[in-house]
Amino acid sequence: MAPVVSCASTGPWRVIFDLGGVLFEWNPLGIVRGFYPDAALHEPMLDCVYRHPDWLALDEGTLDEPGAIARFGERSGRDAAELARLMQATRESLRPIEPTWRLLRGLHARGVPLFCLSNMAEPTYQHLRAAHPGWDLFSGIVISAREKMLKPQAQIFRLILERHGLTPGHTVFIDDMPANAEAARACGLQAIVFRDAASCAAELSEITAGALAVPELLT
């Protein structure tokens, strides 16, 4: 983890949250283990689906889900109907990480403008929108598939900053992937590599010299 840099100068703070791995669980190995009883299929299906560049193309919006399922089937030899069920199981596995939602609600209650920036396919985002509340807590949401760009590309960070008039030095980006946090820092943002809600709350408080302290998560 990169050292925390305090930026205590005057000005309003903004916070950008990732979705998968921060606000919602993201565990591809757990997904395939739950879906396929045969352990011999776990690594091959991880390689065929979640670790393949086609998964990034889904997130980027340059490949739609039917096209991705067809490619998964070509590589794996598995039936398209089965793979469609796997995709639905993947969406349903994205359960809320409640401590992070408590952090988000605590910040919102303090009047902190909140934003979302996520690499995510459109069907997955629509599933989350329909299945879970809380989206009105965000002042703006950027989803990679809609923008045809991905983290850690610099242009997606520039897009959310420019679209919502955010000052990089007073915007904190929270993501579970170190490469995405590093890319955010390269664009001038403060960044936290997410591990859990309590440590994230502590880093938010430190970065902002207490301006974004959420005491109920600092115990």
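Just so it is clear, the model here is predicted, and its values are computed rather than measured.
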Margin query: If you apply the rule side-chain contact (heavy atoms from CB on, under 4.5 Å), what do you find for Leu128 with Met120, and how did you get there?
Written below: CA-CA 11 Å; Leu128 291 181; Met120 187 167 285; 3.8 Å; yes
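- Residues Leu103 and Ala201 come closest through the heavy atom pair CD1-CB, 4.0 Å.
- Closest of all the heavy-atom pairs between His170 and Pro12 is CB-O, 3.3 Å.
- In this structure the side chain of Arg85 reaches within 4.5 angstrom of the side chain of Phe35, judged on heavy atoms.
- Gln153 places a side-chain N or O within donor-acceptor distance of the main-chain N or O of Leu150, the cut-off being under 3.5 Å.
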Check: After noting the C-alpha distance and the side-chain angles of Phe115 and Val142, does the key distance pass the side-chain contact (heavy atoms from CB on, under 4.5 Å) rule?
Finding: CA-CA 8 Å; Phe115 299 85; Val142 172; over 6 Å; no
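- Ring pair Trp55/Phe72 is parallel by interplanar angle, where below 30° counts as parallel and above 60° as perpendicular.
- With rounding to the nearest 0.5 Å, the separation of CG in Asn119 from OG1 in Thr124 is 12.0 Å.
- For residues 100-117, the pairs satisfying side-chain hydrogen bond (donor to acceptor under 3.5 Å, both in side chains) are Arg110-Glu216, with sequence neighbours left out.
- What you find for Cys116 and Ile160 is that their closest heavy atoms are O-CD1, 3.7 Å.
- Judged as a salt bridge (charged side-chain N to carboxylate O under 4.0 Å, His left out), not a single pair has a partner in residues 125-140 (not counting sequence neighbours).
- For Asp64, the side-chain hydrogen bond (donor to acceptor under 3.5 Å, both in side chains) criterion is met by no residue, not counting sequence neighbours.
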Checklist line | Derivation of the side-chain contact (heavy atoms from CB on, under 4.5 Å) call for Val15 and Thr171 | finding: CA-CA 6 Å; Val15 181; Thr171 301; over 6 Å; no
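- Applying the side-chain hydrogen bond (donor to acceptor under 3.5 Å, both in side chains) test to Asp79 and every residue at least two apart in sequence or in another chain returns nothing.
- Under the side-chain contact (heavy atoms from CB on, under 4.5 Å) criterion, Arg158 pairs with Ala154, Gln155, Glu162, not counting sequence neighbours.
- Residues Leu161 and Phe138 do not share a hydrophobic cluster, defined by chaining ILVMFWY side chains whose heavy atoms lie under 4.5 Å apart.
- Within the 3.5 Å criterion, the main-chain N or O of Ala191 finds a donor-acceptor partner in the side chain of Arg185.
- Scanning for ring-ring contact (aromatic ring centres under 6.0 Å, His included) contacts around Phe157 gives Phe173, with sequence neighbours left out.
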Check: Checking salt bridge (Lys or Arg N to Asp or Glu O under 4.0 Å) for the pair Arg75/Asp54: CA distance, chi angles, key distance, verdict?
Finding: CA-CA 11 Å; Arg75 286 195 295 274; Asp54 284 345; 2.7 Å; yes
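- Hydrophobic clustering, with ILVMFWY side chains joined whenever heavy atoms are under 4.5 angstrom apart, groups Leu19 together with Ile31.
- Distance check: Leu58 CG to Ile69 CD1 gives 8.5 Å after rounding to the nearest 0.5 Å.
- Under 4.0 Å is where a charged nitrogen must lie from a carboxylate oxygen, and between Arg195 and Asp176 no such pair does.
- The two residues Pro215 and Ala213 have their closest heavy-atom pair at CD-O, 3.5 Å.
- The side-chain contact (heavy atoms from CB on, under 4.5 Å) with Val112 is formed by just one residue from the set Leu204, Val214, Leu107; it is Leu107.
- Side-chain heavy atoms closer than 4.5 Å link hydrophobic residues (I, L, V, M, F, W, Y) into clusters, and following such links, even through other members, never connects Leu56 to Tyr125.
- The aromatic rings of Trp135 and Phe24 sit parallel to each other, their planes meeting at less than 30°, with 60° as the upper class boundary.
- Judged as a side-chain hydrogen bond (donor to acceptor under 3.5 Å, both in side chains), and not counting sequence neighbours, the contacts of Gln88 are Arg91, Glu92.
- Considering NE2 of His164 and CD1 of Ile16, their distance stands at 8.5 Å, rounded to 0.5 Å.
- Applying the ring-ring contact (aromatic ring centres under 6.0 Å, His included) rule to Phe194 yields no partners; only residues at least two apart in sequence or on another chain are considered.
- Within the structure, side-chain hydrogen bond (donor to acceptor under 3.5 Å, both in side chains) pairs that include any residue of residues 30-44 comprise Tyr36-Glu82, Glu43-Arg51 (at least two apart or interchain).
- Taken to the nearest 0.5 Å, the CG atom of Leu212 stands 9.0 Å off from the CD1 atom of Ile207.
- Here salt bridge (charged side-chain N to carboxylate O under 4.0 Å, His left out) pairs that include residues 137-156, with residues two or more places apart or in two chains, are Asp18-Lys151, Glu122-Arg146, Glu147-Arg163, Lys151-Asp175.
- Considering OG of Ser118 and CD1 of Ile156, their distance stands at 8.5 Å, rounded to 0.5 Å.
- A distance of 9.5 Å separates CD in Gln190 from OG1 in Thr208, rounded to the nearest 0.5 Å.
- Residues satisfying the ring-ring contact (aromatic ring centres under 6.0 Å, His included) criterion with His52, sequence neighbours excluded, are absent altogether.
- Linking Ile, Leu, Val, Met, Phe, Trp and Tyr residues whenever their side-chain heavy atoms come within less than 4.5 Å places Val32 and Leu94 in a single cluster.
- Hydrophobic clustering places Leu41 together with Leu83 (ILVMFWY residues linked when any side-chain heavy atoms are closer than 4.5 Å, directly or through intermediates).
- Smallest separation of non-hydrogen atoms from Tyr50 and Pro28: CG-CB, 3.8 Å.
- Remark: side-chain polar atoms of Ser199 are paired, donor with acceptor, to backbone N or O of Asp196 under 3.5 angstrom.
- Using a distance-only test at 3.5 Å, with no hydrogens or angles considered, a donor-acceptor pair links the side chain of Ser144 to the main chain of Asp59.
- Between Leu104 and Phe17 there is a side-chain heavy-atom pair separated by less than 4.5 Å.
- Among residues two or more places apart in sequence or in another chain, the side-chain hydrogen bond (donor to acceptor under 3.5 Å, both in side chains) test is passed with Thr167 by none.
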